[in-house]
Protein chains: 2
Amino acid sequence: MKKNPEYGVLRAEYLQGCSVEVALNIIGGKWKGMILYTLLDGTKRFNELRQIIPGITQRMLTLQLRELEDCGIVQRVVYPEVPPRVEYSLTEFGQTIKPVILQIREWGSSYKKAMGGHLKQSNSN
Amino acid sequence: MKKNPEYGVLRAEYLQGCSVEVALNIIGGKWKGMILYTLLDGTKRFNELRQIIPGITQRMLTLQLRELEDCGIVQRVVYPEVPPRVEYSLTEFGQTIKPVILQIREWGSSYKKAMGGHLKQSNSN
DNA sequence: CGGAATCCGCCCTGATACTG
DNA sequence: CAGTATCAGGGCGGATTCCG
C-alpha cells in the first residue's frame, strides 16, 4: 500500500480484496491503528501525534498520515503561518471508524487480561 | 511478530503495547484477518484454507497459522492418519474475536460503498 | 496431505541530515 | 514546526525443493 507517488488520490488498490481485507489494509499495519486511535480524541498537530505515539519516527508518521489521507479517512489542514502549523483530524467518513477501533481496543484489553497469566516463564532457559 | 522459534508458547511480545496495538498485532498483517474470517465459519483443513483464501502461499499459511496458534486464538488438531489430516479452528477464547472481525468486515463494506465512486480516473493521464 | 527447509529479492523501516 | 531526501539494514514474503 505505498507505491503511488500521487498524493491526495484514492487509489484503486485500497479497494481490492474482500471487505475484511479492505478494512485491514487501512487500519492494519504497524502504526495506523495507533494513529487513528489517537485521532479519535480529536484534532492533533503533527508533533502532538509524535509525542503521543511511542516510538514512531517522523518519517513513518508522515508516510502513514499520507496514506490515511489518501484513503479519505484523515484530513490534513495546513495553516499558512510561521512557524507552520498542520492539524490532522478524521474526515466525516473517518469518524465512522470510531466504533471499530474502540471494539478492537476492547478485545485487545480482554486478550491481555486473558493471556497475561499464561506467559511461560520458560524464557528463563 | 515472527522471531521466536519455540512454537506453542505465548510470547511476551504479543502483549506489548496498548490494547489497540496488541489486538492489531494479532488480527493485522497481510493474511491474519482473512484466516480468522474464514475460521469463523467453522473448522477447516489446511488445504481448505488454502483454497478459500486467494493468493496465499503454503508457507505463509503455515507461518500465520502458527502465530495464531501461539497467540492462543487458533487450535491445531492433527489426526494420525495416512494421508495426514490437520484441522484448524478457533479456540474458545478465539471465538470472542468474532464480533470484532464482523464489525471490521462491515466497516470495510461501507468503505467500499462510500469510496467506490470516488476513484479518480486521472490515472488515465 | 501438510508441512519444513532453503534461497533470495524487495520494500519497509529506521537513522541522519537538510529545508522552508 | 513540519516536513523532505538519502542511505542502509533487516525481515517479510514468494518460489522452489524435499519429507513423513
Side-chain angles (χ1 to χ4, degrees), chain A residues 1-8 11 13 16-17 21 24-26 28-35 38-39 43-70 74-89, chain B residues 1-8 11 13 17 21 24-35 38-39 43-70 74-89:
Chain A
M1 298 312 264
K2 199 172 299 186
K3 265 144 287 183
N4 195 319
E6 186 177 7
Y7 293 132
R11 306 170 230 158
E13 50 179 322
Q16 280 168 352
E21 292 172 303
L24 284 177
N25 277 340
I26 294 174
K30 192 173 179 182
W31 304 109
K32 301 262 186 69
M34 271 307 291
I35 292 173
T38 305
L39 288 178
T43 300
K44 295 276 178 298
R45 297 184 60 172
F46 186 82
N47 274 345
E48 279 187 280
L49 289 169
R50 205 145 75 106
Q51 288 158 19
I52 296 173
I53 301 171
I56 196 168
T57 61
Q58 195 174 38
R59 169 188 171 79
M60 278 304 108
L61 182 54
T62 300
L63 290 176
Q64 303 297 301
L65 283 169
R66 287 278 186 276
E67 289 188 36
L68 290 170
E69 198 187 347
D70 291 347
V74 161
Q75 212 164 10
R76 177 174 180 264
V77 179
V78 182
Y79 295 88
E81 306 171 359
V82 179
R85 179 162 55 108
V86 181
E87 291 189 341
Y88 293 90
S89 58
Chain B
M1 299 309 266
K2 201 172 298 187
K3 265 144 289 185
N4 195 319
E6 186 177 7
Y7 295 133
R11 306 169 231 161
E13 50 180 323
E21 292 173 302
L24 284 177
N25 277 339
I26 294 175
I27 68 177
K30 192 174 179 181
W31 303 108
K32 301 263 187 71
M34 270 306 291
I35 292 173
T38 304
L39 288 179
T43 300
K44 295 277 179 295
R45 297 184 60 171
F46 185 82
N47 275 345
E48 278 187 280
L49 289 169
R50 205 146 75 106
Q51 288 160 17
I52 296 174
I53 302 171
I56 195 167
T57 61
Q58 196 173 41
R59 167 190 171 81
M60 278 302 110
L61 183 54
T62 300
L63 289 175
Q64 304 296 302
L65 283 169
R66 287 281 186 274
E67 288 188 35
L68 291 171
E69 197 187 348
D70 292 348
V74 161
Q75 212 166 12
R76 177 174 180 266
V77 179
V78 182
Y79 294 88
E81 304 171 0
V82 178
R85 179 163 55 107
V86 181
E87 293 191 340
Y88 293 90
S89 59

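Chain naming here is simple, since letters A, B, ... match the order of the sequence lines and numbering starts at 1 in each.
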Inset, instruction - Return the minimal non-hydrogen interatomic distance between A:Leu61 and A:Phe46, and the atom names on each side. - result: CD2-O, 3.6 Å
Inset, instruction - Determine whether A:Arg76 and A:Val86 make a side-chain contact, defined as any pair of heavy atoms from C-beta on separated by less than 4.5 Å. - result: yes
Inset, instruction - Show your reasoning for whether side-chain contact (heavy atoms from CB on, under 4.5 Å) applies to B:Thr43 and B:Val77. - result: CA-CA 10 Å; B:Thr43 300; B:Val77 179; over 6 Å; no
Legend entry - Under 4.0 angstrom between A:Arg76 side-chain N/O and D:dG3 OP1 or OP2: yes
Legend entry - Side-chain N,O (B:Lys30) to OP1/OP2 (C:dC12) below 4.0 Å: no
Inset, instruction - Decide yes or no for A:Lys32 and A:Glu67: does some side-chain heavy atom of the first lie under 4.5 Å from some side-chain heavy atom of the second? - result: yes
Inset, instruction - Using whole Å, report how far CD1 of B:Ile53 lies from C1' of D:dG14. - result: 16 Å
Legend entry - Interatomic distance where CG belongs to A:Leu63 and P belongs to D:dA2 [whole Å]: 17 Å
Inset, instruction - Going 5' to 3' through nucleotides 15-20 of chain C, assign each nucleotide B (protein heavy atom under 4.0 Å from a base atom), S (under 4.0 Å only from sugar-phosphate atoms) or - (no protein heavy atom that close). - result: B----B
Inset, instruction - Give a yes/no answer on whether the side chain of A:Tyr88 brings an N or O atom under 4.0 Å of OP1 or OP2 in D:dG3. - result: yes
Inset, instruction - Report yes if some heavy atom in the side chain of A:Leu63 is under 4.5 Å from a heavy atom in the side chain of A:Met60; otherwise report no. - result: yes
Inset, instruction - Name the residue closer to the 5' end of DNA chain D, choosing between B:Trp31 and A:Thr62 according to the nucleotide with the nearest heavy atom. - result: A:Thr62
Legend entry - N or O in side chain of B:Arg45 less than 4.0 angstrom from C:dG2 OP1/OP2: yes
Legend entry - Side chain proximity check, A:Gln16 to A:Glu21, heavy atoms < 4.5 angstrom: no
Legend entry - Rounded distance in Å - CE (A:Met60) to C1' (D:dT4): 13 Å
Legend entry - Atom pair CG (B:Leu65) and CD (B:Gln75), whose distance is rounded to the nearest 0.5 Å: 13.0 Å
Inset, instruction - Begin with the C-alpha distance, continue with both residues' side-chain angles, and end with the deciding distance and a verdict on side-chain contact (heavy atoms from CB on, under 4.5 Å) for B:Ile35 and B:Tyr88. - result: CA-CA 10 Å; B:Ile35 292 173; B:Tyr88 293 90; over 6 Å; no
Legend entry - pair A:Leu68-A:Leu39: side-chain heavy atoms closer than 4.5 Å: no
Inset, instruction - Could you tell me whether the phosphate oxygens of C:dG3, OP1 or OP2, come under 4.0 Å of any side-chain nitrogen or oxygen in B:Arg50? - result: no
Inset, instruction - Can you pull out how bent the helix from C:dC1-D:dG20 to C:dG20-D:dC1 is, comparing the axes over its first five and last five pairs, to 10°? - result: 50°
